[in-house]
Amino acid sequence: MKTVCIYSYGGPEVLVYEDAPRPHPGAGEVLVRIHAAGINPVDWKIREGQLKAMLHHAFPLVLGWDLSGVVEALGPNLTRLKVGDEVFSRPDIARDGAYAEFIVVRESELALKPKSLDHIHAAALPLAGLTAWQTLFEAGGLAAGQRVLIHAAAGGVGHIAVQLAKWKGAQVIGTAAAKNHVFLRSLGVDQVIDYDTERFDEVVQPVDMVLDTIGGDTQERSWKVLKRGGILVSIASPPKAVVASADGVRSAFVFTQPNASQLAEIAKLADAGKVKVIVETILPLSDATRGQELSQRGHGKGKIVLRVV
Ligand SMILES: NC(=O)c1ccc[n+]([C@@H]2O[C@H](COP(=O)([O-])OP(=O)(O)OC[C@H]3O[C@@H](n4cnc5c(N)ncnc54)[C@H](OP(=O)(O)O)[C@@H]3O)[C@@H](O)[C@H]2O)c1
């Protein structure tokens, strides 16, 4: 099978498009024929070795942890899925990823793909969808009527988080470059802030939650806009708990985990038209290098996806 893998950490030049043996499913595992694989910033962060203290990968390592495809074979005694089912997943990031024609995934990490989405759009949804779900609802406890500030609202995670927050009945404030403001309003964002020309901490009325996708100065200034008892949830860098307690607010850092039942909920919302997935760029698997370079520029609208079949 074709794969895109790395034999060492480094820049885009370490990505290798090559043939590799097709993996076999063991106990509790499913072999999936991948139709499309989403690209996420974590792919190039792992390629660069930024997560090597936390994840002990062996080489060669197949990158990419977002996929949509079809069940090709099942490990022994599995009954929830059958050969031919269309599935999508954000598989375990500690194992080989989805820039490949086939992948072995634990059954517990797979859900049926939304029927209304093709594989390209379905492959763009699991990682961003689970991240939005786990930050807004699990860590943040976002409820109807609350106010949430979502940083980088036009990005892969941001544009899904905006829609999940609106579905929940929250008021949404989003930051983005001016070119994305019409897009954000079309998703239902109530207040759009141009991070290039406005300081969000000077114009945002107090919020119940901040979803921090940026870190650094953006995270530092985010404390100021929280109501007492509010929560700053970051996926960029762990917030300082001591700042939180001094300000009478709470904080959390989320590292997204695979979760088939949450994926099934997200699939229902996609099929009900409550969540739309925006794919800005589609590239062939052999062009993964270009996809990662685009992702690394950090100014995409929605998602980048590799077409495998
Ligand atoms: N901890 C976890 O489990 C987890 C999970 C998912 C993602 N992440 C991290 O979260 C970050 C975002 O991921 P993503 O997939 O959404 O990335 P992405 O698709 O590349 O989106 C990045 C977005 O950031 C916006 N942006 C850049 N600078 C900004 C600023 N100063 N203020 C506001 N927006 C800004 C860009 O929009 P403009 O064009 O408008 O500038 C772009 O839309 C990445 O660092 C990723 O690694 C972490």
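We count ligands from 1, going down the list as the structure has it; atoms in each ligand are counted the same way.
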For [X], the ligand 1 atoms whose distance to one of its heavy atoms is below 4.0 Å:
X: Thr175; result: 33 (C)
X: Thr213; result: 10 (O), 11 (C), 12 (C)
X: Ala176; result: 40 (O)
X: Lys45; result: 44 (C), 45 (O), 46 (C), 47 (O)
X: Asn180; result: 38 (P), 39 (O), 40 (O)
X: Thr131; result: 5 (C), 6 (C)

Counting only N and O atoms by type, is there a donor-acceptor contact under 3.5 Å from the side chain of [X] to the main-chain atoms of [Y]?
X: Lys45; Y: Gly49; result: no
X: Arg228; Y: Val249; result: no
X: Glu280; Y: Lys301; result: yes
X: Glu29; Y: Gly26; result: yes
X: Ser237; Y: Gly215; result: no
X: Arg147; Y: Gln205; result: yes
X: Gln163; Y: His159; result: yes

For ligand 1, does [X] get within less than 4.0 Å through its side chain, its backbone, both, or neither, judged by non-hydrogen atoms?
X: Thr256; value: both
X: Leu127; value: side chain
X: Lys303; value: neither
X: His151; value: neither
X: Ile235; value: both

Can you tell me which residue and heavy atom of the protein come closest to [atom], and the distance to 0.1 Å?
atom: atom 41 (O) of ligand 1; answer: Tyr195 OH, 2.3 Å
atom: atom 18 (P) of ligand 1; answer: Gly156 N, 3.9 Å
atom: atom 17 (O) of ligand 1; answer: Pro41 CG, 3.5 Å
atom: atom 43 (O) of ligand 1; answer: Gly300 O, 2.6 Å
atom: atom 39 (O) of ligand 1; answer: Lys179 NZ, 2.8 Å
atom: atom 2 (C) of ligand 1; answer: Val254 O, 3.5 Å
atom: atom 21 (O) of ligand 1; answer: Gly155 CA, 3.4 Å
atom: atom 16 (O) of ligand 1; answer: Val157 N, 2.9 Å

Calculate, to the nearest 0.5 Å, the distance between atoms CZ and CZ belonging to Phe102 and Arg22 respectively.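 So the CZ of Phe102 and the CZ of Arg22 are separated by 3.5 Å.
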For the atom pair CD1 (Ile93) and CZ (Arg90), what is the distance rounded to the nearest 0.5 Å?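 Rounded to the nearest 0.5 Å, the CD1-CZ separation comes to 4.0 Å.
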Any N or O on His299 sitting closer than 3.5 Å to an N or O of ligand 1? yes
Test item, Gln134 contacting ligand 1 (heavy atom, 4.0 angstrom):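 The answer is no, since Gln134 has no heavy atom less than 4.0 Å from ligand 1.
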Hey, does Ala154 sit under 4.0 Å from ligand 1 if you only count heavy atoms? yes
Between the side chains of Gln292 and Arg47, is a donor N or O closer than 3.5 angstrom to an acceptor N or O? yes
Name the residue from Asp43, Ile103, Asp96 that meets the side-chain contact (heavy atoms from CB on, under 4.5 Å) definition with Trp65. Asp43
Closest to atom 42 (C) of ligand 1 (judged by heavy-atom distance), picking from Ala152, Gly298, Ala236: Gly298
Less than 6.0 angstrom separating the ring centers of Tyr195 and His151, yes or no?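 They do not qualify: ring centres at least 6.0 Å apart.
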Heavy-atom neighbours of Asp196 CG exceed 12 at 6.0 Å: yes
